A.B. asks: 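Sharing a structure with you now.
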Amino acid sequence: MHGLNPPQREAVLLADGPVLVLAGAGSGKTRVIVEKIAHLIQSNRYPAKRIAAITFTNKAAKEMRERVGKRIRGDAAEGLTICTFHALGLRLLQIEHAKAGLKRGFSVFDTDDVGAQLKDLMPGAKPDAVQAMQGLISRAKNAGLSPEEAQAAALGPREREAANLYVRYQQRLTTFNAVDFDDLIRLPVQLLEGDEDCRLGWRERIGYLLVDECQDTNDAQYRLLKAIAGEKGNFTCVGDDDQSIYAWRGANPENLAQLGKDYPALRIVKLEQNYRCSNRVLRAANALIANNPHEHLKTLWSQQPDGERIRVLECRDGEHEAERVASEIQFLNQSRKVEWGECCILFRGNHQSRPLEKALQLLRVPYHLSGGTAFLDRGEVKDALSWLRLIANPDDDAAFLRAVQSPKREVGATTLAKLAELAHHAGLPLSRAAESVGLLKQLQPRAANALSGFADIVKGLRHDARTHTPAELVKLLNERSGLLAALRAQCKNEQMFQLRRGNLDELASWFDGARGGAGPGELAASLALLSHADKGEPGNQVRLMSLHAAKGLEFRYVFIVGMEDGTLPHEASLEEGRLDEERRLLYVGITRAKEQLWLSHSREAQRWGTKLRLTPSRFLDELPPAELQRDGADPVADAARKQERASAGFAAIKALLDG
């Protein structure tokens with residue numbers, strides 16, 4: 001524990017009873033969790049197999065596993081669980097599947113699968129209506145409500161409609177032997193709260209629980225924590241109420257306060273020393289967040305120097321704002337030798353990236369926009385996963401419908417509709433109906449032959465799953481399914497084919513090291529948990545991302561654009577009087593900056609053909625004036641700065657022409 005400050009050390013050594021670590025931004029919370037895991041194991045308090053550390057993203061779990069591996073040598077950490085809430089729920093359901101009413105090898109539906117099922121249950125509904133119902137059902141599940149409980153709790157006609165749809169949708173999931181992402185928390189909670197033997201068994205299995213980012217737990221996740229921790233509450237929750245920015249997706253920051261009510265013996269440790277930001281940035285962040293109500297007030301401080309004052313840029317409009325930000329970054333790179341990857345531009349909404357991209361392109365500044373197509377969203381990868389799911393779970397009609405058309409074969413929509421009708425009357429899933437000679441005789445011969453051939457391939461691969469490793473199975477199905485041949489036919493050139501084939505090879509590599517003979521069901525379900533954030537690093541490029549996506553990251557130089565009322569804070573929060581979370585969102589953005597911060601706003605905007613006058617964000621007035629350098633406040637300094645940047649810009653143009 002060498003190098004820990006006193007509060008960090010206290011948090012590590014508290015090993016009995018409930019502990020809440022209020023960890024301010026940049027205060028070293030991950031190190032505290034890693035050191036606490038090491039302390040619990042090395043002091044013989046708990047063996048590694050009885051410790052579980054829960055994070056919110058796969059990326060965070062991977063980083064924590066790597067750090068624990070460096071901290072604890074040998075096999076002392078063998079059996080340690082470090083995973084997300086949803087991965088823990090999946091593990092519980094795979095072990096307790098029978099008690100949860102599931103068969104082995106159940107499928108995990110992703111967002112697209114859920115949308116497709118709801119669309120089918122809402123014939124004629126517009127996409128927006130389907131999406132709205134999907135959101136309401138997800139909200140009910142995140143609150144831990146069963147279909148029946150959701151019906152009882154529904155207040156208005158819209159909620160009643162969603163609750164009734166929830167009942168029918170859940171019945172369909174049961175038919176398919178499937179769960180969705182939200183069920184990975186709801187069903188374990190339902191099981192643990194309702195089955196004492198199961199609950200006591202899991203408390204014995206997990207003797208000590210650590211939960212990172214506890215302020216982001218929703219109601220169902222909090223109930224899961226309580227069900228596993230029990231009355232004694234041998235846990236450490238780490239969180240920061242000032243960084244709770246996910247209420248829109250069900251997170252409940254009040255869970256931090258609820259811990260003290262549910263566990264009166266709760267010990268609270270505050271981590272207030274920041275190791276990331278300049279003191280000037282921290283003073284601004286502290287002043288801003290002090291306007292929010294607090295259960296436990298924190299004041300961040302740092303031993304870093306003050307650094308330069310926070311620049312506030314006043315711009316004509318969004319395009320001018322983008323040009324100023326882009327030229328400022330270009331100046332940092334050329335005159336101060338700042339790497340592109342040390343700069344980040346943050347915004348409230350993704351639509352704000354368009355003028356920024358244009359301005360950066362004009363100056364030939366390399367950038368990476370977060371939110372591109374995720375690996376698991378690539379068409380060929382989703383096709384292969386549908387085959388895996390069907391091999392693992394013959395009841396998965398959603399997987400059947402995608403796999404049977406990937407690649408295309410002599411099976412059209414009319415044939416599938418007829419097959420579905422026959423399957424329904426026979427009480428069979430679609431894949432079993434496609435194996436039935438009697439049912440296939442009722443279809444057109446060409447379609448029947450195509451379905452029979454498809455069923456034979458699936459049966460063969462299902463047999464191979466018993467003797468081949470999952471990685472080998474993925475390679476086999478890519479060949480036998482015809483996916484590779486179809487890719488070659490679709491791609492216009494060899495380079496594109498090799499690129500997309502590489503995606504299938506990468507999918508196979510994700511299964512490397514897994515044992516063969518157990519079938520791919522558990523692994524296919526595990527893949528459904530992978531976060532879209534689990535992509536490769538963007539390299540040396542300027543980062544463009546939303547404020548929500550920036551949480552947990554840090555950069556030397558940070559630009560926050562769109563600092564106007566109606567943008568940040570968002571218009572809806574102004575109308576509804578919900579400024580606390582918007583203020584926390586800006587707080588998160590400010591505390592990403594290690595050395596210097598820019599805040600920019602526009603005087604006007606063009607919307608729907610009308611020029612609108614904009615008001616600077618009210619949050620700017622909550623920042624200490626002494627920490628800010630506003631445009632026009634110091635004409636001499638502004639003139640010198642303008643001249644310096646003009647000279648740098650001229651040099652860049654000359655270098656470009658000379659090149």
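Note that the coordinates shown come from a computational prediction; the quantities given were computed from them, not determined experimentally.
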A.B. asks: Please give me the minimum heavy-atom distance between Y367 and Q361, naming the atom from each residue.
C.D. replies: OH-NE2, 2.8 Å
A.B. asks: Is the shortest side-chain N to carboxylate O distance from R324 to D631 below 4.0 Å?
C.D. replies: yes
A.B. asks: Residues two or more places apart in sequence or in another chain: which of them pass side-chain contact (heavy atoms from CB on, under 4.5 Å) with D565?
C.D. replies: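 With neighbours one apart ignored, the set is P569, L574, T615, S617, R618.
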A.B. asks: Is a salt bridge present between R67 and E63, judged by a nitrogen-to-oxygen distance below 4.0 Å?
C.D. replies: yes
A.B. asks: E314: which residues meet the salt bridge (charged side-chain N to carboxylate O under 4.0 Å, His left out) condition with it, sequence neighbours left out?
C.D. replies: R603
A.B. asks: Sequence neighbours left out, cut at 3.5 Å: what donor-acceptor pairs do the side chains of residues 344-351 make with other protein atoms?
C.D. replies:
unit_1 : atom_1 : unit_2 : atom_2 : d
R348   : NE     : E582   : OE1    : 3.1
R348   : NE     : E582   : OE2    : 3.4
R348   : NH2    : E582   : OE2    : 2.9

A.B. asks: Salt bridge check, E213 against K551: does any charged N sit closer than 4.0 Å to a carboxylate O?
C.D. replies: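 Answer for the salt bridge query: yes.
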A.B. asks: Classify the ring geometry between Y263 and F235 as parallel (under 30°), tilted (30 to 60°) or perpendicular (over 60°).
C.D. replies: perpendicular
A.B. asks: Could you tell me which residues satisfy side chain to side chain donor-acceptor pair (under 3.5 Å) with D317, sequence neighbours excluded, listed by chain and number?
C.D. replies: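 Here no residue qualifies.
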A.B. asks: Is a salt bridge present between E161 and R158, judged by a nitrogen-to-oxygen distance below 4.0 Å?
C.D. replies: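 Answer for the salt bridge query: no.
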A.B. asks: Give a yes or no on whether a salt bridge exists between E622 and R583, defined as a side-chain N under 4.0 angstrom from a carboxylate O.
C.D. replies: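 R583 and E622: salt-bridged.
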A.B. asks: What I want to find out is whether R336 reaches E308 closely enough, with some N-O distance under 4.0 Å, to be called a salt bridge.
C.D. replies: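 Yes, this pair counts.
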A.B. asks: Under 3.5 Å, is there a donor-acceptor pair linking the side chains of N252 and D219?
C.D. replies: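 Checked: N252/D219 side chains pair up, N/O donor to acceptor below 3.5 Å.
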A.B. asks: Taking atom types as modelled, find out whether Q215 and D240 have a side-chain donor-acceptor pair closer than 3.5 angstrom.
C.D. replies: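 No, D240 and Q215 have no side-chain donor paired with an acceptor closer than 3.5 Å.
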A.B. asks: Salt bridge (charged side-chain N to carboxylate O under 4.0 Å, His left out) with E627: which residues, sequence neighbours excluded?
C.D. replies: R280, R283
A.B. asks: Ignoring hydrogens and geometry beyond distance, is a side-chain donor-acceptor pair present between N291 and Y587 at under 3.5 Å?
C.D. replies: no
A.B. asks: Using side-chain contact (heavy atoms from CB on, under 4.5 Å) as the criterion, list what pairs up with Q190, not counting sequence neighbours.
C.D. replies: S146, R186, L187
A.B. asks: Is any NZ, NE, NH1 or NH2 atom of the basic residue among E272 and K270 found under 4.0 Å from an Asp or Glu carboxylate oxygen of the other?
C.D. replies: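 Salt bridge: no.
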A.B. asks: Can you establish whether the number of heavy atoms outside E576 located under 6.0 Å from its atom CD is more than 12?
C.D. replies: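 Counting other residues, nucleotides and ligands, CD of E576 exceeds 12 neighbours.
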A.B. asks: Side-chain donor-acceptor pair under 3.5 Å between Q170 and K141, yes or no?
C.D. replies: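 There is such a pair between these side chains.
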A.B. asks: In terms of ring plane angle, is the pair Y246 and H548 parallel, tilted or perpendicular, where the classes change at 30° and 60°?
C.D. replies: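 Plane angle between 30° and 60°, so tilted.
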A.B. asks: Look only at the side chain of D180 and the backbone of F109, and say whether a donor-acceptor pair between them is shorter than 3.5 Å.
C.D. replies: no
A.B. asks: I'd like to know if E554 pairs up with R276 as an ion pair, taking the criterion as any Lys NZ or Arg NE/NH1/NH2 lying under 4.0 Å from an Asp or Glu carboxylate oxygen.
C.D. replies: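 Looking at E554 and R276, the cut-off is met.
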